[in-house]
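See below for the structure under consideration.
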Amino acid sequence: KANEIAPGKRMLSSMAPTMVFRGKELYLILGTPGGSTIITSVAQVLINILDFCMSPEEALVLPRYHHQYLPDIIYHEEGAFSDELKLKLENRGHKLKKRSPIGDVQLIMKKNDTACGYSDHRLPGSAGSVGN
């Protein structure tokens with residue numbers, strides 16, 4: 001079995017604790033629980049912040065989606081896809097299944113000399129800030 005304890009085996013893991021630097025300065029730290037959904041949750045939040053210039057609050061509240069090889073299903077939270085996009089995906093043979101929640105991203109962003117924490121709304125959590 002894939003994750004069964006046995007000599008010489010390593011556990012399967014999708015852990016992706018992530019640090020983002022701007023030059024030599026630490027800018028962002030994030031991670032999430034969620035098994036196979038960890039990588040897609042971290043990637044979607046990073047893309048929203050770094051590529052789409054969203055604030056952490058904006059990036060964390062957006063609905064998420066997840067796909068992996070097996071099962072061959074695109075899991076999505078309510079509102080992740082428009083009806084038009086869902087129809088296009090289904091017409092191309094994709095199977096869609098609504099679920100919630102996907103991930104629980106916790107994030108720390110450096111703003112000037114302050115480390116600001118942000119907590120995903122999907123599960124109970126809280127965040128604070130510390131500075132000089």
Side-chain angles (χ1 to χ4, degrees):
K1 304 254 184 285
N3 231 4
E4 192 172 90
I5 298 171
K9 287 184 70 179
R10 295 193 43 100
M11 65 183 160
L12 296 175
S13 176
S14 298
M15 287 190 302
T18 303
M19 298 189 316
V20 177
F21 289 82
R22 288 203 164 154
K24 293 184 180 185
E25 292 290 318
L26 181 61
Y27 172 64
L28 186 65
I29 300 171
L30 70 155
T32 184
S36 62
T37 68
I38 290 172
I39 295 168
T40 51
S41 295
V42 168
Q44 287 171 50
V45 171
L46 277 175
I47 289 166
N48 289 334
I49 291 172
L50 300 176
D51 294 333
F52 297 121
C53 301
M54 292 182 187
S55 69
E57 296 95 342
E58 292 170 315
L60 288 174
V61 300
L62 282 180
R64 298 193 188 119
Y65 55 91
H66 173 76
H67 183 271
Q68 63 191 46
Y69 177 61
L70 293 173
D72 190 11
I73 299 170
I74 299 174
Y75 293 100
H76 62 94
E77 294 177 344
E78 181 69 40
F81 302 130
S82 67
D83 290 338
E84 180 184 0
L85 181 55
K86 283 193 262 188
L87 185 59
K88 286 181 179 181
L89 289 167
E90 288 168 342
N91 287 340
R92 290 178 175 244
H94 294 285
K95 295 179 189 115
L96 304 175
K97 185 172 183 181
K98 187 167 54 172
R99 65 161 275 190
S100 190
I102 297 177
D104 182 38
V105 177
Q106 305 301 309
L107 186 149
I108 300 170
M109 178 182 273
K110 185 176 177 189
K111 293 183 177 181
N112 301 318
D113 288 333
T114 303
C116 300
Y118 301 89
S119 186
D120 204 326
H121 70 284
R122 286 166 177 79
L123 294 172
S126 63
S129 298
V130 294
N132 292 337

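Quick caveat: nothing in here was measured; it's all calculated off a predicted structure.
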Single hit among L96, I74, L85 for side-chain contact (heavy atoms from CB on, under 4.5 Å) with E90: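 Answer after filtering L96, I74, L85: L96.
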
If I compare all heavy atoms of [X] with all of [Y], which pair ends up nearest, and what's the gap?
X    : Y    : answer
S126 : Q106 : O-OE1, 4.4 Å
S14  : G35  : CB-O, 3.2 Å
Q44  : Y65  : NE2-O, 2.6 Å
G125 : S119 : C-OG, 3.4 Å
G103 : S41  : CA-OG, 3.6 Å
H121 : V61  : CE1-CA, 3.7 Å

Which residues satisfy the salt bridge (Lys or Arg N to Asp or Glu O under 4.0 Å) test with K88, sequence neighbours excluded?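 For K88 the salt bridge (Lys or Arg N to Asp or Glu O under 4.0 Å) partners, ignoring immediate neighbours, are E84.
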
Side chain to side chain contact (heavy atoms under 4.5 Å, CB included) partners for T18, two or more places apart: A16, V20, L30, V42, L46

Verdict with supporting geometry, D72 and H67, side-chain hydrogen bond (donor to acceptor under 3.5 Å, both in side chains): CA-CA 7 Å; D72 190 11; H67 183 271; 2.8 Å; yes

Answer yes or no: is there a donor N or O on one side and an acceptor on the other, between the side chain of [X] and the main chain of [Y], under 3.5 Å?
X   : Y    : result
T32 : I38  : no
E77 : R64  : yes
R99 : P101 : yes
E58 : S55  : yes

Evaluate the ring planes of F81 and H76, with Trp represented by its six-membered ring, and classify them as parallel (under 30°), tilted (30 to 60°) or perpendicular (over 60°). tilted

Do [X] and [Y] land in one hydrophobic cluster if side-chain heavy atoms of ILVMFWY residues count as linked below 4.5 Å?
X    : Y   : result
M109 : V45 : yes
I49  : L62 : no
L50  : L60 : yes

Is it the case that more than 12 heavy atoms not belonging to D51 sit under 6.0 Å from its CG atom? yes

What do you reckon, is CD of E57 surrounded by more than 12 foreign heavy atoms closer than 6.0 Å? yes

Between [atom1] on residue [X] and [atom2] on residue [Y], distance to nearest 0.5 Å:
X    : Y    : atom1 : atom2 : value
L89  : H94  : CG    : NE2   : 5.5 Å
R122 : D104 : CZ    : CG    : 8.5 Å
C116 : L107 : SG    : CG    : 10.0 Å
H66  : T40  : NE2   : OG1   : 5.0 Å
I108 : Y27  : CD1   : OH    : 14.0 Å
Y75  : K97  : OH    : NZ    : 5.5 Å

